[in-house]
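Before any comments, here is the structure.
Not measured: the values here are computed from a predicted model.
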Amino acid sequence: KMKITIFTDASVINKSAGYAFYIGCVAGKLQKAGRLKDTSGNCTAAELHCLANSLHALKYGKFKPVTSVNVYMDLIAAVDSMNGDILFFYNKHLRDVQDEIYFLMLDICIANGHPIRSVNKVFTFHHIKAHTGNQDKLSLINQWCDTNARKYAREQNKTIKHVKNIRII
């Protein structure tokens, strides 16, 4: 039986975005970071894409059987959306990402022998305060995610050619 802990973070600079996640349990850990392709400069979209990436890694990873998943995110809007407090009716892109996340959660539940109605018992979402400077384990993992998400957002931002003084005709 595996109790999984996931930390996610995304960073947006202009319209460039990076992500980083950490998955940990008694069997080990998995850390991954990279660039996000399409977030349209939206912080919530970037954070949700990062969560989707981490759930893909969990679904296809070595950590089985999953009994519970605690997810920590530092963006309150993303936490609230996953706890059902915010629904993105106005934004199709955010709705689509949120739907993908819910389907991944259902897939993980089914693959690990949980009934689909237990998805809200298997997965819990928590806010973690960012940039605290604290040295406890949770803060250090969140800092690793933050540092790497920003690194990839900066790298991607450097590859975009910024044009000044554009004249619109």
Side-chain angles (χ1 to χ4, degrees), residues 1-11 17-39 42-130 132 134 136-149 152:
K1 293 183 176 187
M2 301 246 187
K3 294 180 179 183
I4 307 291
T5 302
I6 297 176
F7 287 80
T8 67
D9 199 14
S11 181
Y19 76 93
F21 65 79
Y22 169 98
I23 301 173
C25 66
V26 294
K29 67 181 180 181
L30 171 64
Q31 293 172 268
K32 186 163 168 101
R35 296 177 180 180
L36 291 172
K37 291 182 182 167
D38 180 25
T39 64
N42 183 308
C43 294
T44 304
E47 193 81 27
L48 292 176
H49 276 288
C50 181
L51 176 58
N53 286 348
S54 70
L55 293 176
H56 275 287
L58 179 60
K59 178 181 174 181
Y60 296 108
K62 62 183 179 180
F63 306 127
K64 295 189 177 33
V66 173
T67 55
S68 66
V69 181
N70 285 302
V71 179
Y72 293 88
M73 299 183 281
D74 62 10
L75 185 64
I76 292 173
V79 174
D80 288 347
S81 74
M82 295 314 303
N83 284 326
D85 298 333
I86 297 175
L87 299 175
F88 295 112
F89 293 118
Y90 63 91
N91 187 317
K92 183 179 180 338
H93 182 77
L94 289 175
R95 272 195 330 262
D96 290 347
V97 178
Q98 204 172 25
D99 287 347
E100 178 184 0
I101 291 167
Y102 285 125
F103 283 119
L104 285 164
M105 290 166 48
L106 290 171
D107 286 347
I108 291 166
C109 281
I110 292 166
N112 289 279
H114 301 289
I116 58 174
R117 67 183 170 278
S118 70
V119 70
N120 291 329
K121 292 178 184 166
V122 174
F123 288 87
T124 55
F125 296 89
H126 312 275
H127 177 253
I128 184 166
K129 189 170 174 138
T132 63
N134 294 341
D136 62 285
K137 189 174 182 178
L138 299 181
S139 297
L140 291 173
I141 294 169
N142 188 62
Q143 183 59 41
W144 179 88
C145 290
D146 181 66
T147 300
N148 283 281
Y152 280 96

Which is it for S139 and Q143 under the side chain to side chain donor-acceptor pair (under 3.5 Å) test, yes or no, and what are the steps along the way?
CA-CA 6 Å; S139 297; Q143 183 59 41; over 6 Å; no
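- Rounding to the nearest 0.5 Å gives a distance of 12.0 Å between CZ of F63 and CD1 of I108.
- The line from NZ of K129 to CG of L138 is 15.0 Å long, rounded to the nearest 0.5 Å.
- In this structure the side chain of T67 never reaches within 4.5 angstrom of the side chain of N112, judged on heavy atoms.
- Contact of the F21 side chain with the I23 side chain is registered, since non-hydrogen atoms from C-beta on lie closer than 4.5 Å.
- Sparse packing is recorded around CD1 of I116, with 12 or fewer heavy atoms of other residues, nucleotides or ligands lying under 6.0 Å away.
- Here CG of N42 is found 11.0 Å from CD of E47. Values are rounded to the nearest 0.5 Å.
- Taking both residues in full, the closest heavy atoms of A46 and L36 are given as O-CD1, 3.5 Å, listed atom of the first, atom of the second, then distance.
- Between W144 and D9 the shortest side-chain heavy-atom distance does not fall below 4.5 Å.
- Note that OG of S81 and CD1 of I76 are 12.0 Å apart. Values are rounded to the nearest 0.5 Å.
- A salt bridge links K92 to D96: one of the charged nitrogens lies within less than 4.0 Å of a carboxylate oxygen.
- Checking side-chain atoms of D146 against main-chain N and O of N142 turns up no donor-acceptor pair under 3.5 Å.
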Residue pair T124, N70: steps toward the side chain to side chain donor-acceptor pair (under 3.5 Å) verdict
CA-CA 5 Å; T124 55; N70 285 302; 2.4 Å; yes
All N/O donor-acceptor pairs, side-chain side in residues 53-61, below 3.5 Å, sequence neighbours left out:
| from | atom 1 | to | atom 2 | distance (Å) |
| --- | --- | --- | --- | --- |
| S54 | OG | L51 | O | 2.7 |
| H56 | NE2 | E100 | OE2 | 2.9 |
| K59 | NZ | D107 | OD2 | 2.8 |

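- Contact check for Y19 versus H49: no side-chain heavy atoms found under the 4.5 Å cut-off.
- By the 4.5 Å heavy-atom criterion applied to side chains, I141 and Y72 are not counted as neighbours.
- Summarising the geometry of A33 relative to N148, their closest heavy-atom pair is CB-CB, 3.8 Å, with the distance given to 0.1 Å.
- The two residues C50 and A10 make their nearest non-hydrogen contact at CB-CB, 4.5 Å.
- Checking side-chain atoms of H126 against main-chain N and O of V71 turns up no donor-acceptor pair under 3.5 Å.
- In this structure, CG on D99 lies 11.0 Å from CG on L94, to the nearest 0.5 angstrom.
- For the atom pair CD of Q98 and CG of N91, the computed distance is 10.5 Å after rounding to the nearest 0.5 Å.
- F123 has its side chain within reach of C109: a pair of non-hydrogen atoms, C-beta onward, lies under 4.5 Å apart.
- S68 pairs with exactly one of H114, K121, K3 by the side-chain contact (heavy atoms from CB on, under 4.5 Å) rule, that one being K3.
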